[in-house]
Structure formats: structure tokens, C-alpha cells
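Presented below is the structure to which this report refers.
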Amino acid sequence: MSLPQILDHSRFNPGYLIGKEWIAVDPGVALDCVDPADGAVIASIGNATPREVDLAVAAARRSLSAAWGDTSPRDRGRALMRWASLVDAQREPLAALEAADTGKPISTARRDIGVVLDYLEFYAGAANKFHGQVLPYYPGFSAQVMREPHGVTAHIIPWNYPASQFARTVAPALAMGNACVVKPSEEASLSVLALTRLAMESGLAAGALNVVTGTGSGAGAALSEHRGIDYISFTGSPETGSRIQAAAARHHIPCCLELGGKSPQIVFADADLDLAIPAIVKGIVQHAGQTCSAGSRLLVAQAIHEAVASRIAEAFNRLRVGTPVMDLDCGPLINRRQKSLVSAAIEGALERGLQVLGQGRLAPGLNPAGNWLAPMAFASVPRQDPLAVEEVFGPVLSVLSFTDEADAIALANDSPFGLVAGVWTRDGARQQRLARGLRCGQVFINCYGGPSGVELPFGGVGRSGHGREKGMLALEHMSIAKTVVQYYGD
Ligand code: NAD
């Protein structure tokens with residue numbers, strides 16, 4: 001796939017953004033960006049060393065006592081709005097770039113760029129609407145709680161939704177007046193670099209946003225361990241999340257961890273299956289299952305198990321996999337490693353005798369160098385089978401059954417993860433009991449996910465992480481409460 005103009009090297013030579021300068025990458029340490037659909041190298045990015053990370057953190061720190069630190073909340077909002085308008089004008093090339101770098105269908109990439117805009121616009125508007133408090137206290141005293149930025153915030157981003165994850169974490173941080181140092185995933189950094197270029201064109205103050213690309217064990221570790229940062233926002237795997245939290249603990253700073261999931265979709269006998277089945281299938285095959293909130297466990301009431309299983313089988317048999325431009329149900333997986341991890345989970349399930357309920361197909365003529373994998377649904381998966389327990393991060397659905405409501409809740413909660421749950425029932429009282437009984441960060445009732453949902457706080461419990469991003473709640477996380485008590489006399 002050819003690269004859109006926005007990242008054409010004649011116009012844009014990716015490097016590290018430090019302060020307001022793009023620092024050229026030493027070609028000897030550049031990392032290849034590989035198209036997941038055909039294995040072709042489409043660009044290269046820098047592999048930052050601790051030295052570049054140091055420079056980025058120092059540039060961010062300087063900005064806090066320069067123009068950025070003096071920018072009012074209203075003008076921070078205006079800066080985000082100017083950035084948003086440049087993104088709006090470049091939607092199509094940004095979507096093409098995201099699709100080429102991640103392999104996702106072009107319509108999914110277009111939606112993602114729309115979500116970037118949603119975040120920038122939401123936090124542009126919110127920047128001067130997040131208020132402190134005045135508290136009742138003793139006579140002669142005034143007591144208030146002010147909100148202040150953390151200072152320098154580090155943002156470590158995964159490869160599955162790089163553009164929207166970038167906007168999701170950076171927009172509220174900037175709205176609250178922090179200075180950001182971003183480390184995108186080495187697997188997909190191009191949209192982050194292109195969006196950063198637009199931020200610079202929009203006139204964002206020097207040092208408010210800094211970007212260092214590179215590996216997790218190199219640039220990522222150097223950033224999370226850096227003494228000069230005041231907060232870490234991390235989205236990625238639970239294993240890396242533990243390392244990030246340990247690094248944050250070593251220098252006593254807060255962190256927000258958005259990790260993985262094994263999210264249940266719970267279907268009761270009175271569910272509207274015409275509504276439920278398409279949403280359940282989309283919830284697991286979106287971006288080939290490489291989505292933290294993928295609904296990978298389908299829990300079905302025994303009474304309707306056969307009916308649901310046959311509709312899931314039909315839906316999976318209709319799924320088609322192809323290139324981003326073909327815009328089918330799924331694209332390729334991100335890289336060879338991810339393909340072999342997901343393939344190993346499937347082979348293990350087949351060796352244990354699990355039965356395939358339905359399976360999608362690859363479009364004819366795909367380049368064999370692409371990381372193709374057909375979506376699969378497995379029937380009657382035992383509760384403790386690895387396929388029912390572990391995050392696969394691929395388009396693989398496990399179907400299980402439950403006896404009654406208490407069993408459904410117990411089964412849904414029997415997981416170290418707790419990110420999202422879907423509940424499908426027409427019974428209003430049951431909807432409320434489930435909403436309260438499920439141990440997770442968000443419950444969707446008769447729907448799953450949404451077109452964007454920037455307004456909705458998002459995050460997990462347990463192995464899915466802690467802290468919340470999105471919505472107004474993100475502004476609490478991206479700031480510190482300072483209590484000020486003043487005695488003015490009796
Ligand atoms: P990952 O943990 O391998 O990488 C995430 C980021 O961390 C990348 O930028 C990587 O370079 C960096 N990193 C890796 N090792 C590091 C280290 N030692 N120190 C500092 N940084 C390091 O995760 P991934 O493979 O990119 O993403 C997949 C995982 O992310 C899945 O488990 C998925 O569920 C989760 N995820 C969660 C959410 C959410 O919002 N909860 C969203 C997307 C992805």
C-alpha cells in the first residue's frame with residue numbers, strides 16, 4: 001500500500017519531536033514500519049536512546065516555566081481546537097496512514113480519526129470548565145481545592161488504536177496544562193507522528209508535546225523510569241503494565257494503567273437476538289479482535305444455547321478477511337508474532353478437542369506475506385479452558401453457557417480481568433442487578449461499545465488496570481488537587 005502524502009518523506013521526515021524541533025533520526029538505528037497486509041517496509045522511525053528521552057523530558061519541563069506554563073485554560077482549549085481543525089482537514093490521509101500501518105479496514109481507520117477529532121474537541125471545550133471547589137469550613141477561614149497540572153506527563157501507547165489512544169491520553173493532559181512526552185508503539189507510530197506534525201503546524205507552544213519513537217525495552221523503559229516525569233499514562237499489556245507500575249512506585253508518582261480484558265457478553269433467554277448477535281460478532285471481530293474491550297467470552301442461557309450457537313455459526317461463516325482497502329470484516333493481524341500467538345491459542349483449543357462453531361474466510365488473492373487469520377468461534381468451551389480464561393487478542397470467540405442469573409454473574413466475574421461487560425435482556429430489574437453485580441469498569445446493556453464514547457469514563461479493575469481515561473473524569477486524573485486554607489480573621 002502506498003503511503004499517503006501526509007507522511008511522504010519529501011514533505012515529512014519522521015524524527016523525534018523535542019521542544020519545537022524535529023530531531024533527525026540516525027539511519028543506523030531506525031526501525032522499519034511494516035505493512036501487515038503484505039510485509040512491505042512502508043517507512044522507518046527512530047529508535048530513541050535514553051539521551052533523546054532525556055532531551056524530551058527536559059524540553060517538556062522547560063515549557064512549564066515558559067509560554068505553555070503561562071497559557072490560560074481558555075487558550076489551552078483554543079490550541080486544541082486549532083489542532084482539531086487541521087486534523088479535520090486531513091481526515092482521509094490520516095485514515096489511509098492508520099490503515100496502512102495497522103492493517104485495519106479503511107472504514108475502521110476513518111472512524112478512528114473521527115474519534116481523534118472527538119477527543120480534541122471534547123477536551124478543547126472542557127479545558128476551562130473543570131472547576132475547583134470552595135468548601136464550608138470554620139468562621140474566619142476560607143477553604144478551597146484548586147486543580148493543578150502534574151507537570152511532565154509520560155504517555156506510552158499501544159499499536160492497536162494508535163491515533164485515537166494518542167488523542168485520548170494527550171488531549172486531557174494538555175487541557176489541564178501538563179507538558180507531554182509520548183512514546184508510541186514501535187509497531188505503529190506513523191499516525192502519532194503525523195498528528196504531532198499537525199499539532200506543531202497549529203501553533204501548539206514549544207515543549208507542550210514531545211514525541212520519542214522506539215522500542216518498549218529501550219525508549220519506553222527509559223521514559224517510565226525517568227526521574228523527571230510526574231505521571232505515567234500507559235495503555236498496553238498487563239505484563240508491561242506491572243513494569244510501569246513498579247517504575248512509578250520507585251519514584252512515587254501516580255500512574256493510570258489501561259490493560260487487557262476477557263470481556264463477557266451475557267445473553268439471557270429474553271434477549272432480542274436480532275439486536276444482540278450482530279453487536280456480539282462486531283464486538284469480537286473489530287480490528288481482528290485486537291481490541292482491549294473485545295467481547296471474547298459469550299455466556300449464553302442454557303435455554304437458548306442452541307439457537308444462539310446456530311446464529312453465531314452463520315454469522316462467523318459469513319465473515320471475510322482482506323486488505324484495508326477491501327474494507328471487509330477484518331484485516332490482517334499486526335505482525336508475525338501476534339499471528340503466531342493467536343494461531344497457537346487456536347491450535348491448543350483444537351488439540352484439546354474443542355469444537356469449531358463457525359469460521360470466516362480469507363478473500364481470494366491475498367498476499368501470502370500478510371498476517372492473515374480467519375475469525376473463529378468455538379462451541380461449549382469448558383469454563384476453565386485457557387480459551388475461556390486467557391486474553392487471545394485475536395478474532396476468536398469462546399461460547400459458554402450458564403444456568404441462571406446468579407450463575408451468569410459468577411461466571412462473568414470469574415476472571416482476573418474486569419474491563420467491559422455486555423448484558424442482553426429485556427428485564428429491567430435484571431439489567432440493574434447485573435449492572436451492580438458485575439466486577440468491571442463499564443457495563444453495556446442491550447448494546448456494546450459505541451461509535452466513540454469520548455464522554456464516557458473508561459478503565460478497568462484487576463488485571464485490566466486502574467485509573468480512568470475519557471470523559472470529564474480524565475481531567476481529575478490529569479491534575480492534582482491542592483487544598484488551600486486561608487485565615488482572614490474572626
Ligand atoms: P505492550 O505492553 O507490549 O506495549 C504497549 C506499549 O508499551 C508500547 O508502546 C511498547 O513499546 C511499550 N513497552 C513495552 N515494554 C515496555 C517496557 N518495559 N517499559 C516501557 N514501555 C514498554 O502492549 P501491546 O502489545 O502494544 O498492546 C496489546 C495489549 O494492550 C493487550 O493486552 C490489550 O488488551 C492492551 N490494550 C488495552 C487497552 C485499554 O484501554 N485497556 C487499549 C489497547 C490495548
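We count ligands from 1, going down the list as the structure has it; atoms in each ligand are counted the same way. Numbers for residues simply follow the sequence, beginning at 1.
Looking only at heavy atoms of the protein, atom 44 (C) of ligand 1 is closest to Asn160 ND2, 3.2 Å. For atom 41 (N) of ligand 1, the nearest protein heavy atom (residue, atom name, distance) is Leu259 O, 2.6 Å. Looking at atom 12 (C) of ligand 1, its nearest protein heavy atom turns out to be Ile156 CG2, 3.6 Å. For atom 13 (N) of ligand 1, the closest non-hydrogen atom of the protein is Gly216 CA, 3.3 Å. Among protein heavy atoms, atom 23 (O) of ligand 1 sits closest to Ser237 N, 3.3 Å. Among all protein heavy atoms, the one lying closest to atom 20 (C) of ligand 1 is Gly220 C, 3.1 Å.
With a 4.0 Å cut-off on non-hydrogen atoms, Glu258 touches ligand 1 through its backbone as well as its side chain. Contacts of Ile157 with ligand 1, taken as heavy-atom pairs under 4.0 Å, involve the backbone alone. Residue-level proximity to ligand 1 for Pro238 is carried by the side chain, the only part with a heavy atom below 4.0 angstrom. Contacts between Arg168 and ligand 1, counted as non-hydrogen atom pairs separated by less than 4.0 Å, involve the side chain only. Counting heavy atoms under 4.0 Å from ligand 1, residue Gln165 touches it through the side chain alone. Under 4.0 Å from ligand 1, not a single heavy atom of Glu469 appears.
Arg61 has a carboxylate O that lies under 4.0 Å from a charged side-chain N of Asp230, or vice versa, which qualifies the two as a salt bridge. Salt bridge present: Glu92 and Arg110 bring a charged side-chain N and a carboxylate O closer than 4.0 Å. Between Glu239 and Arg463, at least one side-chain nitrogen of the basic residue sits less than 4.0 Å from a carboxylate oxygen of the acidic one, meeting the salt-bridge criterion. Using a 4.0 Å cut-off between a side-chain N of Lys or Arg and a carboxylate O of Asp or Glu, Arg352 and Asp385 qualify as a salt bridge. Of the charged side-chain nitrogens involved, at least one lies within less than 4.0 Å of a carboxylate oxygen, so that Arg250 and Glu225 count as a salt-bridged pair.
Under the 4.0 angstrom criterion, atom 25 (O) of ligand 1 counts as having a protein heavy-atom contact.
For the pair Ser217 and ligand 1, the shortest N or O to N or O distance does not fall below 3.5 Å. The shortest N or O to N or O distance between Thr291 and ligand 1 is not below 3.5 Å. At under 3.5 Å, a nitrogen or oxygen of Glu391, whether backbone or side chain, sits near a nitrogen or oxygen of ligand 1.
Taking both residues in full, the closest heavy atoms of Arg383 and Leu400 are given as CA-CD2, 3.8 Å, listed atom of the first, atom of the second, then distance.
The side-chain heavy atoms of Ile113 and Leu117, taken from C-beta on, include no pair separated by under 4.5 Å. A heavy-atom distance below 4.5 Å is not found between the side chains of Phe393 and Ile334. Within the 4.5 Å cutoff, side-chain heavy atoms of Val181 are placed close to those of Val212. Put simply, the side chain of Cys180 reaches to within 4.5 Å of the side chain of Leu174, judged on heavy atoms.
If you check each of Val420, Thr240, Thr235 against atom 15 (N) of ligand 1, the one with the closest non-hydrogen atom is Thr240. Closest heavy-atom approach to atom 28 (C) of ligand 1 within the set Phe417, Phe234, Phe393: this belongs to Phe393. When the options Gly236, Gly260, Ala294, Gly214 are ranked by their closest heavy atom to atom 35 (C) of ligand 1, first place goes to Gly236.
If you run side chain to side chain contact (heavy atoms under 4.5 Å, CB included) between Leu298 and each of Val399, Ile277, Val381, only Val399 comes through.
Against a heavy-atom cut-off of under 4.0 Å, Cys292 is close to the following atoms of ligand 1: 34 (O), 36 (N), 37 (C), 38 (C), 39 (C), 40 (O), 41 (N), 42 (C), 43 (C), 44 (C).
No side-chain donor from either of Thr102 and Tyr161 sits under 3.5 Å from a side-chain acceptor of the other.
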